[in-house]
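Letters A, B, ... mirror the listed sequences (proteins, then strands); counts begin at 1. When reading the values below, keep in mind they use all heavy atoms of this one structure, side chains included, and skip hydrogens, waters and symmetry mates.
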Protein chains: 2
Amino acid sequence: MSQLDAVIRQSRRVKRGEYLFRAGDPFRALFAVRTGFFKNCVSSHDGREQVTGFHMSGDLMGLDGISSNTHGCDAQALEDSDVCELPFARLELLGRDIPSLQRHFFRLMSREIVRDQSVMLLLGNMKAEERLAAFLLNLSQRLSARGFAANDFVLRMSREEIGSFLGLKLETVSRTLSKFQANGWISVDHKHIRLLQPEHLKQLVSGCAGGFADDHSAHA
Amino acid sequence: MSQLDAVIRQSRRVKRGEYLFRAGDPFRALFAVRTGFFKNCVSSHDGREQVTGFHMSGDLMGLDGISSNTHGCDAQALEDSDVCELPFARLELLGRDIPSLQRHFFRLMSREIVRDQSVMLLLGNMKAEERLAAFLLNLSQRLSARGFAANDFVLRMSREEIGSFLGLKLETVSRTLSKFQANGWISVDHKHIRLLQPEHLKQLVSGCAGGFADDHSAHA
DNA sequence: GATTGTTTTTGATACGAATCAACCGCCCCT
DNA sequence: AGGGGCGGTTGATTCGTATCAAAAACAATC
């Protein structure tokens, strides 16, 4: 695994609001988030945006660019961030010599496909409350997997971005958060969220979360 | 590419209604559709089903199984079909020796991720009419890419399966098809669809189809 | 520290799709 | 020929979320 260091060209800094890459940019490298927080976004011709995912430390971005040598989505930093650039050509070469790397790589791509399927299930079958509960639990789990508090965290994204990801309008996100708070399940202080009764959230998604609440995000 | 024949263990027949694999089955191989038609399906604990895709000749299925050595979705034949089984272990080995194969493989997985992103855009942003128009156009394009008529085809799936894929109920699918027919844009005779004025359908999705109408399906 | 713009909350209303329900056409069946 | 089941269409109604609107909280700027 130390050979992996060889492909890391450099650590690149991206300030809040800046784009690491944009849809249509030539694809040369994958990016692993070292610190910070990103959103990925596809947009239609008429300007409608769909957030396809949020990415934090350890997550890999850019896999969708391999197919066409062109990035298929935007990657925008939601806070000052730090990423590793992994030139894909070098990665491909190394994969041939290091079976375990090739294998790891296939798994990463497959995991992304599985994650996308969970999101489809969410968007296709779940109601607003279920979506938001699944979202909060997913975030909680990913944060705790990285050593942060599971039940006390700060949202890096706006209500509108959450809504875009979940297929809801920002007002609905706001209302639903308020409702959860009124129920005593969470506390909402602007972007500061506390899960007071996560078991109630789990109950909401129990049955309908096809694994999305689990951490299927891509680790580098 | 003739070396590829080496990994094709056998051609396997799957009758209409039968499952090629089911979620939870141990993952050993990918499957390329030779003839026939399949749906892929993830389901939640409480029985809700989400069709994640439809696959026809040349498409590859099972990529989501790599990550966990377990298939993540069902693959059910919607008509009598014929698939090639591609043992994954052998494919991995060959990939090391044949760079073009490895490269091709990465592209295939990436293409699946891009396709999934288009579906997210569809499920998250589009209205019933737009979804159905995008679906018909996508089907049309994939069929014509395989040498079939683009504007005259037979649906292999039920209204319910279309609805599941598009995040709609079967009644809505039926109503929307009827509306398209009333407009003179298509003709509907049970499962036999004719696109009479595809330009009107394109107009409906123009602006909001983030590439889904194009053929981003996985070719073997 | 006032000002401007952005994000969030909350309310009233409208609209789209789900739901509930009835009916039809078709295939299979014995 | 007469059931029975399945898939599909269509209608009436309900429900959930979007939309429109206004105000409050906050952040950025000078």
Side-chain angles (χ1 to χ4, degrees), chain A residues 15-18 39 46-51 76 78-80 122-136 154-183 186-193 204 208, chain B residues 15-17 37 39 46-51 76 78-80 122-136 154-183 186-193 204 208:
Chain A
K15 287 208 179 142
R16 175 179 167 171
E18 282 180 359
K39 72 168 175 180
D46 63 349
R48 284 189 254 188
E49 282 202 344
Q50 173 74 27
V51 172
Q76 188 180 19
L78 297 184
E79 61 179 18
D80 293 355
L122 181 144
L123 292 172
N125 280 305
M126 291 167 60
K127 295 197 196 309
E129 292 190 5
E130 296 168 335
R131 295 183 197 194
L132 203 50
F135 172 76
L136 291 173
V154 173
L155 297 176
R156 260 64 205 233
M157 69 295 282
S158 70
R159 304 287 192 263
E160 185 166 20
E161 287 162 335
I162 296 173
S164 171
F165 180 59
L166 298 178
L168 302 169
K169 292 294 155 185
L170 67 97
E171 295 96 326
T172 305
V173 173
S174 178
R175 269 185 247 276
T176 308
L177 284 175
S178 298
K179 195 183 295 181
F180 285 175
Q181 186 173 35
N183 290 349
I186 69 176
S187 90
V188 183
D189 178 21
H190 306 111
K191 307 217 154 182
H192 181 191
I193 304 285
L204 247 187
C208 59
Chain B
K15 287 208 181 142
R16 177 180 166 168
F37 205 88
K39 72 168 176 182
D46 63 351
R48 285 190 252 190
E49 281 202 346
Q50 173 74 26
V51 172
Q76 187 179 20
L78 297 185
E79 61 179 16
D80 292 356
L122 181 144
L123 292 172
N125 280 305
M126 290 166 63
K127 295 198 196 306
E129 292 190 4
E130 296 168 335
R131 294 184 198 195
L132 203 51
F135 172 75
L136 291 174
V154 173
L155 297 175
R156 261 62 205 233
M157 70 294 282
S158 70
R159 304 288 192 264
E160 186 166 19
E161 286 161 335
I162 296 173
S164 170
F165 179 59
L166 297 177
L168 302 169
K169 292 294 156 185
L170 66 96
E171 293 97 325
T172 305
V173 173
S174 178
R175 268 185 248 276
T176 307
L177 284 175
S178 298
K179 195 182 296 181
F180 285 174
Q181 186 173 36
N183 291 348
I186 69 176
S187 91
V188 183
D189 177 21
H190 305 289
K191 305 215 155 183
H192 181 192
I193 303 284
L204 247 187
C208 58

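- Residue whose closest nucleotide on DNA chain D sits further toward the 5' end, between A/Gly167 and A/Asp189: A/Gly167.
- Contact between the side-chain N/O atoms of B/Lys191 and the OP1/OP2 oxygens of D/dG7 is not found at any separation under 4.0 Å.
- Remark: the B/Glu160 side chain and the D/dC6 base include no donor-acceptor N/O pair separated by less than 3.5 Å.
- Taking 4.0 angstrom as the limit, A/His190 places a side-chain polar atom (N or O) nearer than this to OP1 or OP2 of D/dC26.
- Note: CD (A/Gln181) to C1' (C/dT10) measures 13 Å, nearest angstrom.
- For B/Glu171, whose side chain is taken as the heavy atoms from C-beta onward, the closest listed nucleotide among C/dA21, C/dT9, C/dA18 is C/dA21.
- As a whole-Å value, the separation of B/Leu170 CG from C/dA17 P is 15 Å.
- Note on A/Glu161 versus A/Lys39: salt bridge recorded, some NZ/NE/NH1/NH2 to OD/OE distance being below 4.0 Å.
- When heavy atoms are screened at a 4.0 angstrom cut-off, B/Gly163 is found touching no nucleic acid atom at all.
- For B/Arg131 (side chain) and B/Leu166 (main-chain N/O), a donor-acceptor pair under 3.5 Å exists by modelled atom type.
- Remark: the B/Arg175 side chain and the D/dG11 base include a donor-acceptor N/O pair separated by less than 3.5 Å.
- Listed pair A/Ser178 / C/dT9 fails the phosphate criterion, with no side-chain N or O lying under 4.0 Å from OP1 or OP2.
- A close approach under 4.0 Å does not occur between any side-chain nitrogen or oxygen of B/Lys127 and OP1 or OP2 of C/dC15.
- If you take CE of B/Met126 and P of D/dA18, they are 16 Å apart, rounded to a whole angstrom.
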side-chain contact (heavy atoms from CB on, under 4.5 Å) evaluation trace for B/Phe165 with B/Ile162: CA-CA 5 Å; B/Phe165 179 59; B/Ile162 296 173; 5.8 Å; no

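- Going from atom CD of B/Glu130 over to atom C1' of D/dA18 covers 14 Å, rounded to whole Å.
- Going from atom CZ of A/Arg16 over to atom P of C/dT7 covers 9 Å, rounded to whole Å.
- For a distance-only test at 3.5 Å, the side chain of B/Arg159 fails to qualify as a donor-acceptor partner of the base of D/dT10.
- A 6.0 Å sphere centred on NZ of A/Lys179 holds no more than 12 heavy atoms belonging to other residues, nucleotides or ligands.
- In this structure, the side chain of B/Gln181 engages the main chain of B/Val188 through a donor-acceptor pair within 3.5 Å.
- Rounded to whole Å, the distance from CG on B/Leu166 to P on C/dG16 is 18 Å.
- The NZ-P distance, from A/Lys169 to C/dT7, rounds to 15 Å in whole Å.
- When rounded to the nearest whole Å, the span between CE of B/Met157 and P of D/dG7 equals 15 Å.
- The side chain of B/Leu168 approaches C/dA17 more closely than any other nucleotide in the set D/dT9, D/dA18, C/dA17.
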